[in-house]
Amino acid sequence: MKKEKVIVGLSGGVDSSVAALLLQEQGYEVEALFMRNWDSMANNDVLGNDQQIDATCPQELDYLDAQQVAAKLGIKLHRVDFIKEYWDHVFQYFIEEYQKGRTPNPDILCNKYIKFDKFLNYALTELKADKIAMGHYAGVQFNAQTKQFEMIRALDQNKDQTYFLAQLSQAQLSKVLFPLQSLKKAEIRKIAADHNLVTANKKDSTGICFIGEREFTKFLQNYIPNQPGEIVDIHTNQVVGHHIGVMYYTIGQRKGLNLGGMAEPYYVANKDIDKKIIYVAKARDESFLLSNKAIVNEINWTLDLTQYVDDLHDFWCTAKFRYRQADSPVHLIKLKDGSYQVSYAQPVKAVTEGQQAVFYLGNICLGGGIIDKVSKEQLQ
Ligand SMILES: Nc1ncnc2c1ncn2[C@@H]1O[C@H](COP(=O)(O)OP(=O)(O)OP(=O)(O)O)[C@@H](O)[C@H]1O
């Protein structure tokens, strides 16, 4: 029987290296694809001497690592540029949202529009693959009863990345393998070391990929002018400081407020985007962070929900309102305009407009949408 051909997204990191290796061991015909989504010169990403990246562009170093891994495994490595697509579908939205004072997550859009769309199509059509595979911490399983591909959480709850994958569709999930679902990071590193892969001890990537290790504010100032405003104490309504733009602050943030001379620590309790005001509250009083209801719109369901809940207009499940947050039981009611009113069984901290809420039924990721209109009825 002909082997299934799988194209692995090989990033030059340890996770995708081991994903490729495991698929090979499982008997697939494996090839790899390295993609480049960012071009500093073309994107005008030149920030002054300490911030410049070109000679030692981490992307090219990653490519060298990917080449070494592919050589060691004896698999073909392809390379493709999605720089324009990334700019159009991910970066522009990211900047537009920041300009509105919101803090969007580019990884979610990258998964939806680049990795599981442009990359997937390229692999299927140009490289004649049957499927693609990624080194994400997540899983996909076919449920023969419901006839649905279910995206499931990684066994390692601390690493689980389903939050970032909640925008995927059945069509996408039917073409994807996630070989790392049941592995812990330490096990992945051990497998890489046992097979002498150069990436075995490579540092995990952190933060937003196109910014890398660089200073976030300086990077963003390249694209968005400062929008200075006041920092106001929510308890007294007094101005206690100044900021260079509400977009640089997220609800709940404690560090980097530069409120010299205050007797005790403060956190960001609220943002008035139109008036450019950041409201801060005393760290010992977390009540301003709590909410118990939100409207979530533009929801993508990863599967046919009617197979999983009795009434899709009114059901209970659990939700995460940000990455790495514990799930909260929530009650969803569908509104006329298609959005959902989400009420939480217990108040939840730092639910933030513009970020994504992701819904789960046990281990299955049902989908996610954008948080809008957070409310604190009867909490204060
Ligand atoms: N430049 C790239 N080219 C091809 N695939 C990529 C690239 N960047 C990421 N991927 C794929 O997306 C997966 C998840 O990306 P993420 O940035 O979360 O990686 P990671 O957890 O740091 O994984 P890795 O250790 O493989 O870099 C990677 O494991 C890889 O399969």
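Numbering of ligands and ligand atoms starts at 1, following listing order.
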Checking contacts here: is it the side chain or the backbone of Leu33 that comes within 4.0 Å of ligand 1, counting heavy atoms only? Could be both or neither. backbone
Does any N/O atom on Tyr137 come nearer than 3.5 Å to any N/O atom on ligand 1? no
Does the pair Asp88/Lys84 count as a salt bridge with the N-to-O cut at 4.0 Å? yes
Is any N or O atom of Phe34, backbone or side chain, closer than 3.5 Å to an N or O atom of ligand 1? no
Location of contacts on Gln161 toward ligand 1, heavy atoms closer than 4.0 Å: side chain
Sub-4.0 Å heavy-atom contact, Asp204 with ligand 1: no
Backbone or side chain, does any N or O of Phe119 fall under 3.5 Å from an N or O of ligand 1? no
For Asp194, I'd like to know if atom CG has over 12 heavy atoms of other residues, nucleotides or ligands within 6.0 Å. yes
Decide whether an N or O pair under 3.5 Å exists between Ala133 and ligand 1. no
Considering only heavy atoms of Met134, which atoms of ligand 1 have at least one such atom less than 4.0 Å away? 11 (C), 12 (O), 31 (O)
Does Asp310 CG have over 12 foreign heavy atoms under 6.0 Å away? no
Going by the closest heavy atom to atom 16 (P) of ligand 1, which one wins out of Lys115, Met35, Arg79, His78? Lys115
Between Lys334 and Asp311, is the closest basic N to carboxylate O distance under 4.0 Å? no
When Ile, Leu, Val, Met, Phe, Trp and Tyr are grouped by side-chain heavy atoms lying under 4.5 Å apart, directly or through other members, which residues fall in the same group as Tyr360? Ile108, Tyr163, Phe164, Tyr323, Val358
Main chain of Gln253, side chain of Thr250: is a donor-acceptor contact present, judged purely on distance under 3.5 Å? no
When you check the gap from the basic side-chain N to the acidic O, do Asp15 and Lys202 get nearer than 4.0 Å? no
Just jot down the ligand 1 atoms closer than 4.0 angstrom to any heavy atom of Val14, in number order. 25 (O)
Would you mind listing which atoms of ligand 1 come within a distance below 4.0 Å of any non-hydrogen atom of Asp15? 20 (P), 21 (O), 23 (O), 24 (P), 25 (O), 26 (O)
Is any N or O atom of Lys185, backbone or side chain, closer than 3.5 Å to an N or O atom of ligand 1? no
Under-4.0 Å salt bridge between Arg79 and Glu126: no
